[in-house]
Amino acid sequence: MGSFTDAVAVVTGAGSGIGRTTAVEFADRGASVLVTDVDVDGGEETVAQIEAAGGEARFLEVDVTDPDATQEMVDVAVDAYGRLDYAFNNAGVGGAQTPVTDYDPDDWQAVIDVNLVGVFNCMKPEIAQMQEQDGGGVVVNNSSILGQVGFEASSGYVAAKHGVLGLTKTAALENGETGVRVNAVCPGFIETPLLEEGGITSDPEMRKQIEGLHAMNRLGTPQEIADAVCWLCDDEASFVTGQALGVEGGYLSR
C-alpha cells in the first residue's frame, strides 16, 4: 500500500476503538491527522500516541450533530495543513437495546442524530473542500453489517446504519467525475469499548453467541477495520466508489 506522506486526514470518533486505531494508522502511513471526538481526554490520548510514534496530529473537540462544528472541523484541518485528502466519518453510538414498540422516541432521535445526521453533517463540508482542491479526496463512512441486515432490539442503530449506506451511494454518484470517491466500511462485531459498554464482550455467554454469528467464529479487531479504511483511501482503490466494504468475518454470508 502506498504512502500517505503529505496527505491530511480527519477522523471523527477518534478518542477510542476503531477511530483511534484508524487515526494512528493514517499517521503511521505519513498523513497529518486531525483527531476529533466529544471525548476530550480520549482524543488527546490518541494525539499523544501518534506524537509518541513520531507522527503529526492535533485534537479538536467536535460534536458531529452540530453542523457548525463539522464545518469548523474542516476549516481547522485546512488552516492547519492546507488541504483535506481523507475523511473517516466514524463517530457513533450504540443506542438502546429494546424492541421497536418500546423504543423511547428521544433515544431513537439521539441515535439517528449521531449515527446518520452526524455523517451527513461531516460529509457536506468535507466533500465541498475536496471538490475545490487539486487532487480531490476520499470519504469513508463507518456503517456496519447492521447497515445491510436487521438485528433484534437495535432498530435505531440498524436504521441509521442503513441510512449511512444510502448517503454513501448517493454522494458517490454525485461525485463520480469530481475526483472525490465516497465509500463505506461495514464492520462485523469488533473488539471495542462500545461492545464492552453494551455487555457483549464482558458477558462470556453473550460473547460466545456473537462470535458464533461470524463464519470465522471470532470478533474483529480495530486494526482490521483501520487497514480497510486506509486501503479505500489509497490509490490502489482508485476505481472503487459507492461501495459498502464488509469487514465482517463472514457474518453476512449466512
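Taking the side chain to side chain donor-acceptor pair (under 3.5 Å) definition, one finds that Gln49 meets it with Glu45, sequence neighbours left out. By the salt bridge (Lys or Arg N to Asp or Glu O under 4.0 Å) test, Asp85 is found to be paired with Arg83, residues two or more places apart in sequence or in another chain being considered. Residues satisfying the side-chain contact (heavy atoms from CB on, under 4.5 Å) criterion with Asp102, sequence neighbours excluded, are Thr98, Pro99. Listed by chain and residue number, Arg29 satisfy the salt bridge (Lys or Arg N to Asp or Glu O under 4.0 Å) test with Glu25 (two or more places apart in sequence, or in another chain). For Asp6, there are no side-chain contact (heavy atoms from CB on, under 4.5 Å) partners at least two apart in sequence or on another chain. Taking the side chain to side chain donor-acceptor pair (under 3.5 Å) definition, one finds that Arg20 meets it with Thr46, sequence neighbours left out. Partners of Thr241 according to the side chain to side chain donor-acceptor pair (under 3.5 Å) rule, which considers only residues two or more places apart in sequence or in another chain, do not exist here. The salt bridge (Lys or Arg N to Asp or Glu O under 4.0 Å) check on Glu191 picks up Arg207, with sequence neighbours excluded.
Closest non-hydrogen pair, Ala69 versus Asp63, comes out as CB-O, 3.7 Å.
Of the possible polar contacts, none joining the Arg58 side chain to the Val76 backbone as a donor-acceptor pair under 3.5 Å is found. In terms of modelled atom types and a separation under 3.5 Å, the side chain of Asn183 and the main chain of Val140 share no donor-acceptor contact.
In this structure, Leu252 is a member of the same hydrophobic cluster as Leu219, with clusters built from ILVMFWY side-chain heavy atoms closer than 4.5 Å. In the hydrophobic clustering of this structure, Ile50 groups with Val40; members are Ile, Leu, Val, Met, Phe, Trp, Tyr whose side-chain heavy atoms approach within less than 4.5 Å, directly or through other members. Hydrophobic clustering of Ile, Leu, Val, Met, Phe, Trp and Tyr side chains at less than 4.5 Å, counting indirect connections, keeps Ile18 apart from Val38. Under a hydrophobic clustering in which Ile, Leu, Val, Met, Phe, Trp and Tyr are joined whenever their side-chain heavy atoms come within less than 4.5 Å, directly or via other members, Leu245 and Leu165 fall into different clusters. If you chain together hydrophobic residues whose side chains sit under 4.5 Å apart, Val78 and Val64 fall into the same group.
Judged as a ring-ring contact (aromatic ring centres under 6.0 Å, His included), the pairs with a partner in residues 209-230 (not counting sequence neighbours) are, in order, Phe189-His214, His214-Tyr251. The ring-ring contact (aromatic ring centres under 6.0 Å, His included) analysis of residues 56-98, with sequence neighbours excluded, yields the pairs Phe4-Tyr86, Phe26-Tyr86.
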Just distance, no hydrogens or angles: give the donor-acceptor pairs under 3.5 Å from side chains in residues 122-132, sequence neighbours left out.
residue: Glu126; atom: OE1; partner: Asn89; partner atom: ND2; Å: 2.9
residue: Gln129; atom: NE2; partner: Gln133; partner atom: OE1; Å: 2.9
residue: Gln131; atom: NE2; partner: Asn175; partner atom: OD1; Å: 2.7

Scan the side chains in residues 142-153 for donor-acceptor partners under 3.5 Å anywhere in the protein, sequence neighbours excluded, and list what turns up.
residue: Asn142; atom: ND2; partner: Asn90; partner atom: OD1; Å: 2.8
residue: Ser143; atom: OG; partner: Lys161; partner atom: O; Å: 2.9
residue: Ser144; atom: OG; partner: Leu146; partner atom: N; Å: 2.9

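With values rounded to the nearest 0.5 angstrom, Glu224 atom CD is found 7.0 Å from Ile190 atom CD1.
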